[in-house]
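Beneath this line is the structure, given in C-alpha cells, with notes to follow.
To find a chain, count down the sequence lines: A is the first, B the second, and so on, and within it residues start at 1.
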Number of protein chains: 2
Amino acid sequence: MSADSSLTFDPRQALEHAASLCERRGTRLTELRKRVLEIIWNSPTPLGAYAILDVLRDDGRQGAPPTVYRALDFLLEQGLIHRLASLNVFTGCRRPDSFHGGQFLICRDCGQVDELTNPTVEELLRAEAACRRFEVLSQMVEVLGRCPDCQRGAKARDR
Amino acid sequence: MSADSSLTFDPRQALEHAASLCERRGTRLTELRKRVLEIIWNSPTPLGAYAILDVLRDDGRQGAPPTVYRALDFLLEQGLIHRLASLNVFTGCRRPDSFHGGQFLICRDCGQVDELTNPTVEELLRAEAACRRFEVLSQMVEVLGRCPDCQRGAKARDR
DNA sequence: CCCGTTATGTTATAAAGTAACAATTGTTAT
DNA sequence: ATAACAATTGTTACTTTATAACATAACGGG
Ligand SMILES: [Zn+2]
Ligand SMILES: [Zn+2]
Ligand SMILES: [Zn+2]
Ligand SMILES: [Zn+2]
C-alpha cells in the first residue's frame, strides 16, 4: 500500500485540486460550478440535482433546474464528479486526474458510496468489448449492497 | 466454445423459457406480464416503460404507468429482464436461469445492447466488496460505446 | 470599447416513476 | 357452491427528474 497524493478525500483538497486541474486544462471552474462541486463534496452521501438546487437557493442564489444540470454537465465532462445512474445522484470523484469509468459500492440503506478503481475490471471489460469489435467510450460499475455499518445496525435490531 | 442451451436469443424461445421457469418457481407469469416480456423481446433495442405502455395501448388494452411498472417489477424480480439505469430502459435477460448482475455493452448511436456474462468481473467486484466488508446485493456494469455497425457507418460518413 | 463566445437566468414542458385506492380475478376453506 | 382471503390489475392523481428554448449577463481577444 503506497500513499497516493492524487487521492482526494476532503472537500477543501478536492476543490483546490479541481481548480488547478481546470486551470491546467484551460477550462473555467466558475463560482457556480465550484460551489456545486463544493456542495457535492460537503455531503456525506451523493446528492440529486434538486437537492443541490435547494442548497443553492439556501445560499440566496437564484436558480432553476438548468442552472444545476449545466454545472453538473461541466463537472462530469471534466471528470470531477460521477453520476450514479441507478440512483440519479452525483458524487465527487476521488481520482479526477485520470479519466476513468466509475466503480462504486453503494449502500442501499444509508446511501453512502465507496469509489473503487480496479484497473483489472476496467481492462477485462475493455477486452470483452474489443473481441466484439465494440468501441468503448465510458464504463460504469455500480454494486448495490450494504455497508459494514448498516450490516451491524441490522444485526443489532435482529436481537 | 460450447453450445449452451440456456442461452436465449429469440422472443419465442425466451417466452417459453420464462413460462417454464415461473412454473417451476410457483410464480405467476400472467398474460399481462408475458405480453410485456414479449414486447421487450420483440424490440431490437431496449425499451422505456412508456414505450412499452404505448404498445400495450396499441393492443387495445387499458393501461397507465403503474400497469407497466408493476409488470416490470415482477420481471426484474424473476430475473427475466434487466434495467439499464443509464438509459432508463429494459432489456430481456439471455440467461434467466442464474441470477446475476447485468453486464452490458450499450451502443450510444443505435441503442443496441449486448449482454456479457463474465464471471471474472463479477468475482473481482465481489472480492473488492468483501475486503471492505461490504455485502453485495446486486451488480450492474454498463459499458457505453459504439457497436461495429455504427463505427462503420461513421467511417463511411467521414469519407 | 467592440464583438463574438461562453455562461447564467428564466419560463415552460417533457419524461420517468410512484402513492393510494377501487375493481377484478384467483385461491382456499368451509 | 360460496364465503373469505390474497394477488393482480385498473384508475386517478401526483412527485421527481430532466430538457428545450430563448433572454440576459459576463468574459476575453482585438
Ligand atoms: Zn472517479
Ligand atoms: Zn450503509
Ligand atoms: Zn442477464
Ligand atoms: Zn450501434
Interatomic distance where CG belongs to B:Leu53 and C1' belongs to C:dA15 [whole Å]: 13 Å
Gap between atoms CZ and C1', on A:Arg35 and C:dT8 respectively (whole Å): 17 Å
Sugar-phosphate only, base, or nothing, as touched by B:Arg28 at under 4.0 Å among non-hydrogen atoms: sugar-phosphate
Sugar-phosphate, base or nothing in reach of A:Thr30, heavy atoms under 4.0 Å: sugar-phosphate
B:Glu38 bridged to B:Lys34 by N-O distance under 4.0 Å: no
Selected nucleotide, minimal atom distance to A:Tyr50 side chain, candidates C:dT11, D:dT17, D:dT11: D:dT17
Contact under 4.0 Å: A:Asn88 side-chain N or O vs D:dA18 OP1/OP2: yes
D:dT9 phosphate, OP1 or OP2, under 4.0 Å from B:Arg33 side-chain N/O: yes
Check: A:Glu142/A:Ser86 side-chain N/O donor and acceptor closer than 3.5 Å: yes
A:Ala49 side-chain proximity, nearest of D:dG10, D:dA18, C:dG17: D:dA18
OP1 or OP2 of C:dG17 under 4.0 Å from side-chain N/O of B:Tyr69: yes
D:dT9 phosphate, OP1 or OP2, under 4.0 Å from B:Gln62 side-chain N/O: no
Aromatic centroids of B:Phe104 and B:His82 separated by under 6.0 Å: yes
Integer-rounded Å distance: C:dG17 P and B:Leu47 CG: 13 Å
N or O in side chain of A:Arg83 less than 4.0 angstrom from D:dA18 OP1/OP2: yes
Most 5' of B:Pro66 and A:Pro66 on DNA chain C, judged by nearest nucleotide: A:Pro66
Of the listed nucleotides C:dT10, D:dT9, C:dA16, the one nearest the side chain of B:Arg70: D:dT9
Test: A:Asp73 and A:Arg70 ion pair at under 4.0 Å: no
